[in-house]
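Every value quoted in this text rests on a predicted model; they were computed, and no experiment measured them. As the structure lists them, so they are numbered: ligands from 1, and atoms in each ligand from 1.
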Amino acid sequence: MPRELQESRQTSGPAKALVKLGLVRPIDFALHLPMRYEDETRLVPIASLREGATAQVEAVVRDCEVQIRGRRQLVVRASDGSDDLVLRFLHFYPSQQKALAVGNRVRVRGEARGGFFGLEMVHPAFRVVAEGTPLPSALTPVYPTSAQLPQAYLRKAMDAALARVDLAELLPPQAVPTGMMSLRDALNFLHHPTPNVGLATLEDRSHPAWQRLKFEELLAQQLSQLQAKRERERQRAPRFCVRQGALQEKLLAALPFELTGAQRRVVEQIANDLQREVPMHRLLQGDVGSGKTVVAALAAAIAIADGWQCALMAPTEILAEQHLRKLVGWLAPLGITVAWLTGSRKGKARTRMLEQVASGEAALVVGTHAVIQEQVHFAKLGLAIVDEQHRFGVQQRLALREKLVHQDRPSSARGRDGEGAGVNPNHEDAGPAQLEPHLLMMSATPIPRTLAMTLFADLDVSTIDELPPGRTPVVTKLFADSKRAAVIERIRDAVAQGQQVYWVCPLIEESETLDLRNATETHAELSAALPGHAVGLLHGRMPAAEKAAAMALFSAGAMALLVSTTVIEVGVDVPNASLMVIEHAERFGLSQLHQLRGRVGRGSVASVCVLLYAAPLSDTGKARLKAMLETGDGFEIARRDLEIRGPGEFLGARQSGAPLLRFADLVLDEALVHAARASATLLLDQHPQAALDHVMRWLGGRSEYLKA
Ligand code: ADP
Ligand code: MG
């Protein structure tokens, strides 16, 4: 395509660029807020301009010429009677040169600099004005925009949209905290604030106009989540019977340990849910090592005892296999058939297993997310358990739920997909295919309260806040990687005393851009440093069978040291391992470090976690390592992680593309979250139409949460 054509296409694109920025409905414009403001409400006499300060002057052009000083430039001299000012343009259009013709009066805004001939402005913003043109009475907004969309064009589009937008109050007064501005006033103000406003209160978003806006946003989110919860409560799940002397009790009796008080409490919460005909949608959170697996097994036992199937999914094959071993150990002696399903299971074994699942012979199916693939059909799925849920983003959680709910239905029965939210009117008549399975999600990354209240408002949460007895806290130490040799020395001693060690490397292959140690190389190095001891290697690219073999050797105590990438991050449970070294700890996220550290300190031996770091540390890197040294408490870690990263990354939602809060800050605006929560409940109960209107205004087509 000829160049000119290309260019003309680009310049014809501002309308398209608006859409790209998400600016379609008038309300979208109204909610597209300035990132900063320019003060064009005042004029400064040229004589009192200060060097380095940005200011606006009004002057008459005395002189305008194109000069060649090294390069071609337009040099303008203008005067306002107090003094002269030079305006210098290194690039300029003929139209600009024309506008700056001698005798023209111009309003000029820019930074004053010391030039050869006194003060000058390089590339100032300017426009020609008639004498006596009034100054704007409000600050001029500067909007976030793109290269295809000039600020002036966007401002015009904004003002047009603001004139058209319907900002009528939708909420009854009792649903708005007393004394709050109206949305209309708040938005009008934020687009065109009066010049006397403290700019700081706009920048830190503490101004009352911001408060209203954030409240509105949080309210929309609370509404859509509470609504989703209520919709789910209209659906039906199998109601399990918990009988005396049933499977659950037998399992409890067979366990080699007593449940902790916290475990007993959450098992009871789950059992209560399972005895209702409303599908459970519960998050079980508990720090690493708090004993979530056995809780899952006890929940499964309830479903199985009542003749239903249970699926347990883990994010990695290693973890799924560990669950399998543990669950088989616990449940097989009680006569339960456990099936094993992962992507790497192929051929006859797979076919046979799929049959077991479809016929209902397998009461419990353990695996990776292969469990929810198309070809897998359950005879009677009553409970789905997802482990290490925090590894998946918000969107995946919704997708997973969607699959679970529909996966077993013949297409004719998929009424709920359609318009009329096909609720089963009659539980008794509903076959298993019409009932939704209960859902239990488990996570070792506790969700801070404000997050739980906002992004997970549609979940019930159970918390295991107590570790099994006999655990000794892990001692965490920090060393610069220049101390690596000394650390290896120390490992030699530990291994000689029969301790087992994890050595965690960040990457498997040498990357040119990141100076990370290669796991294979480290493996060779440590093998050489520990003659006579078995040193294993575990990384994501190994075939599943090799991974399983390495893990089995380590679990059995036949391997002294396991060099590994982060594949061991999730859930791996080898109580005898008591020392962990994490290389390039500064490169890991905080919750990831905490997860890794949770792999030691699982037995009664005192455990140590060594964090090796490479200087210089970034500020966030420092903050993460400091948090690791200062606390072992998963909740505190989660709180700090949220502070360091912000909620988007914290949830991994960035990758999953989930809509995040644009205005509210979950750390700073906790009070508003509570207010929004209260209003949401009130609206849904007493003003459902206002609730609906509010969600439409704020989320428009993005209200997918309504269907979660
Ligand atoms: P996580 O919550 O991190 O998934 P696990 O379920 O893997 O923790 O449990 C960690 C270890 O603690 C396992 O070896 C498990 O068998 C053991 N365990 C769980 N509950 C108890 C308990 N009440 N008393 C003693 N050990 C327990
Ligand atoms: Mg676990």
State, without any angle test, whether Ser443 and Gln285 hold a side-chain donor-acceptor pair at a distance under 3.5 Å. no
Establish, from distance only, whether the side-chain atoms of His584 and Glu586 form a donor-acceptor pair under 3.5 Å. yes
Which atoms of ligand 1 sit under 4.0 Å from any heavy atom of [X]?
| X | result |
| --- | --- |
| Ser290 | 2 (O), 8 (O) |
| Leu259 | 23 (N) |
| Thr293 | 4 (O), 5 (P), 6 (O), 7 (O) |
| Thr260 | 23 (N) |
| Pro468 | 20 (N), 21 (C), 22 (C), 24 (N), 25 (C), 26 (N), 27 (C) |
| Val288 | 3 (O) |
| Arg602 | 3 (O), 7 (O), 10 (C) |
| Glu258 | 22 (C), 23 (N), 24 (N) |

Give a yes/no verdict on whether any heavy atom in Lys326 is under 4.0 Å from an atom of ligand 1. yes
Within-cut-off N or O pair, [X] and ligand 1, under 3.5 Å:
| X | answer |
| --- | --- |
| Gly286 | no |
| Gly289 | yes |
| Trp330 | no |

Of Glu466, Gln263, Lys292, which has the heavy atom at the shortest distance from atom 1 (P) of ligand 1? Lys292
Mind running side-chain contact (heavy atoms from CB on, under 4.5 Å) on Arg602 and Val288 for me, showing each step along the way? CA-CA 9 Å; Arg602 302 198 142 223; Val288 282; 4.2 Å; yes
salt_bridge(Lys292, Asp387) N-O dist < 4.0 Å: no
So, are Arg624 and Asp641 salt-bridged, with charged N and O less than 4.0 Å apart? no
Among Thr476, Leu612, Val610, Leu596, find the one that has a side-chain contact (heavy atoms from CB on, under 4.5 Å) with Ile582. Leu596
Might you work through the side-chain contact (heavy atoms from CB on, under 4.5 Å) test for Leu284 and Ile464, ending with a clear yes or no? CA-CA 8 Å; Leu284 171 61; Ile464 307 184; 3.8 Å; yes
Give a yes or no on whether the ring-centroid distance for Tyr502 and Phe554 is below 6.0 angstrom. yes
Quick one: closest heavy-atom pair of Phe378 and Ala311, and the distance? CZ-CB, 3.8 Å
